[in-house]
There are 2 protein chains.
Amino acid sequence: MYTPLMITSDTSERLIESTRELLWERGYVGTSPKAIQQRAGAGQGSMYHHFSGKPDLALAAIRRTAEEMRGKAEEQFGGPGTALERITAYLRRERDVLKGCPVGRLTQDPDVMADPALRAPVDETFVWLRGRLAEVLAEGVARGELSAALDPGVAAATVVAVLQGGYVLARAADSTAPFEQAVDGVLGLLAAQSTAS
Amino acid sequence: MYTPLMITSDTSERLIESTRELLWERGYVGTSPKAIQQRAGAGQGSMYHHFSGKPDLALAAIRRTAEEMRGKAEEQFGGPGTALERITAYLRRERDVLKGCPVGRLTQDPDVMADPALRAPVDETFVWLRGRLAEVLAEGVARGELSAALDPGVAAATVVAVLQGGYVLARAADSTAPFEQAVDGVLGLLAAQSTAS
DNA sequence: GTCTATACCCGGATAGAC
DNA sequence: GTCTATCCGGGTATAGAC
């Protein structure tokens, strides 16, 4: 049986999970310690016993969310299929499109971006994501699946941007349709780079 | 000489401009009436004389920002050149990339999205933008500049998403580089749809 | 580890004088 | 139109009992 390396108390655990949810729904500025405590079913003293304050708790929450996001992405990147198939699987996998990206939304939070500790996991997540996608695309080129004219690093940035921007369009429209269109569009453009013909 | 149709007092004007700046920098939740007043050099009473409260002021600010955004985009869309040239001009025009999109960032503000009045201008802006870009792309197809295989509506969503997502990547990295990569990538993919060869 | 009490400032707004 | 006074609740935290 699997035993987690980091043992945290149940209360600490619930506090982190509540914070993750609230950061996703309302952002850092819009999330109060009181709201976190209430959702976690924990008292004031309990929270300040386990964490030094709001930034400390947010750090734990953001780190876990970032790690989860990388793990889920790797499920598609490391899966079977051609480069284009794996990228398609990634972009089309089930998502809470209308809730947006729990990491991407933090870039709009001035207090998160102003704190190097909170900012770091956000930065690292997107650096990793672009790099990993670039690897997948480079594999596709190396295997002759994709045109050698394709710059993997540049195309990777485009794919990630479509995803993040797709969330923005979906939230603005209160509909998943523009997200799906944006994804369809970039996949169509990439398919035109396919040498499979 | 040009005379604006809507005459507003100097104080009202400064309040709206301060609100526009703060909404851009800190979002709706992160912007307090007091901060608006201080930046505008106006007192409490003055603000509540001209506006009924924070939502009313935010509505004026958001409407103006949305209108400005459409106007600036139309400068490139309605300009000279092929469809691809106009889209390139739009995506590469000078921008405060690290500040992000003043309209797009509002989609992350739960209190804005929850208020139909505040939400409407945000929604309309992106509907307009996607529609206008689709027109430009459709012209390109009709003129034989672009492949008939290109779906203008779908590609338009992709282009807008790249822009919005590019802002996210730039803010995460604290660098304009990923924004520029994402833009280069989508322009390269669109160029491959060009029939100019 | 968790609870309650307390503190202090800020957010958002109203009231009424000038 | 603008100013000051005032209000009430919430945000964020500390202190100390249990």
Side-chain angles (χ1 to χ4, degrees), chain A residues 4 6-62 106 108-115 117-118, chain B residues 4 6-62 105-106 108-115 117-119:
Chain A
M6 184 175 301
I7 310 288
T8 55
S9 74
D10 272 15
T11 297
S12 164
E13 188 59 28
R14 286 201 313 279
L15 285 165
I16 293 175
E17 287 303 311
S18 300
T19 305
R20 297 214 306 147
E21 293 170 17
L22 283 163
L23 285 182
W24 196 359
E25 295 167 15
R26 305 201 39 85
Y28 185 83
V29 178
T31 296
S32 70
K34 176 177 288 191
I36 293 169
Q37 294 150 24
Q38 286 176 344
R39 190 171 292 208
Q44 290 266 100
S46 192
M47 181 189 127
Y48 284 102
H49 171 74
H50 291 287
F51 300 93
S52 71
K54 179 175 162 176
D56 187 29
L57 189 41
L59 180 58
I62 292 173
L106 298 171
Q108 302 302 325
D109 240 305
D111 291 5
V112 170
M113 292 297 99
D115 182 335
L118 295 181
Chain B
M6 185 175 301
I7 310 287
T8 55
S9 75
D10 272 16
T11 297
S12 163
E13 189 59 27
R14 287 201 312 279
L15 284 165
I16 293 175
E17 286 303 310
S18 300
T19 304
R20 297 214 306 145
E21 293 170 18
L22 284 164
L23 285 182
W24 197 359
E25 295 167 17
R26 305 199 42 84
Y28 185 83
V29 177
T31 296
S32 70
K34 176 177 289 191
I36 293 169
Q37 294 150 24
Q38 286 175 344
R39 189 171 292 210
Q44 290 265 101
S46 192
M47 181 189 126
Y48 284 102
H49 172 72
H50 291 287
F51 299 94
S52 70
K54 179 175 163 176
D56 187 29
L57 190 40
L59 179 57
I62 293 173
R105 78 111 54 232
L106 298 172
Q108 302 302 327
D109 240 306
D111 292 4
V112 170
M113 292 298 99
D115 182 335
L118 295 181
R119 180 210 191 87

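Excluded from the calculations below are hydrogen atoms, water molecules and symmetry mates; all remaining heavy atoms, backbone and side chain alike, are included. Throughout, protein chains are lettered first and strands after them, A, B, ... in sequence-line order, and every chain is numbered starting at 1.
- Residue A:Thr11 places none of its side-chain N or O atoms closer than 4.0 Å to OP1 or OP2 of C:dG1.
- Among C:dC3, C:dG11, D:dT2, the nucleotide with an atom closest to any side-chain atom of B:Ser46 is D:dT2.
- The structure places CZ of B:Arg20 at 11.5 Å from CD1 of B:Ile62, a figure rounded to the nearest 0.5 Å.
- Here the C1' atom of nucleotide C:dC10 and the NZ atom of A:Lys54 are 13 Å apart, to the nearest Å.
- A:Asp10 has its CG atom 14 Å from the C1' atom of C:dT2, to the nearest Å.
- In this entry the distance linking NE2 of A:His50 with C1' of D:dT14 reads 17 Å, nearest Å.
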*So A:Glu17 and A:Arg14, salt bridge (charged side-chain N to carboxylate O under 4.0 Å, His left out) or not? Walk me through it.*
CA-CA 5 Å; A:Glu17 287 303 311; A:Arg14 286 201 313 279; over 6 Å; no

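- Among the atoms of the strands shown, base atoms are found under 4.0 Å from some heavy atom of B:Gly45.
- For B:Thr31 (side chain) and B:Leu22 (main-chain N/O), a donor-acceptor pair under 3.5 Å exists by modelled atom type.
- Regarding A:Tyr48, its OH atom lies at a distance of 15 Å from the C1' atom of C:dT2, rounded to whole Å.
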*Go through the steps for B:Arg26 and A:Asp111 under the test side-chain contact (heavy atoms from CB on, under 4.5 Å), then give the verdict.*
CA-CA 9 Å; B:Arg26 305 199 42 84; A:Asp111 291 5; 3.4 Å; yes

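- Among D:dA13, C:dA13, D:dT2, the nucleotide with an atom closest to any side-chain atom of A:Pro55 is D:dA13.
- Look at CD1 on A:Ile36: it is 9 Å from P on D:dT12, rounded to the nearest Å.
- Residue A:His49 places none of its side-chain N or O atoms closer than 4.0 Å to OP1 or OP2 of C:dC3.
- Computed from coordinates, the A:Met47 CE to C:dT2 P distance equals 13 Å when rounded to whole Å.
- With D:dT4, D:dA13, C:dT2 as the choices, the nucleotide that has an atom nearest any side-chain atom of B:Gln44 turns out to be D:dT4.
- Here the side chain of A:Arg39 pairs no donor or acceptor atom with the backbone of A:Ser18 at under 3.5 angstrom.
- Counting to the nearest Å, the P atom of D:dT12 and the CZ atom of A:Phe51 are 16 Å from each other.
- No engagement by A:Ser12 is indicated, since no non-hydrogen atom pair under 4.0 Å with the nucleic acid exists.
- In this entry the distance linking CD of B:Gln38 with C1' of C:dG12 reads 14 Å, nearest Å.
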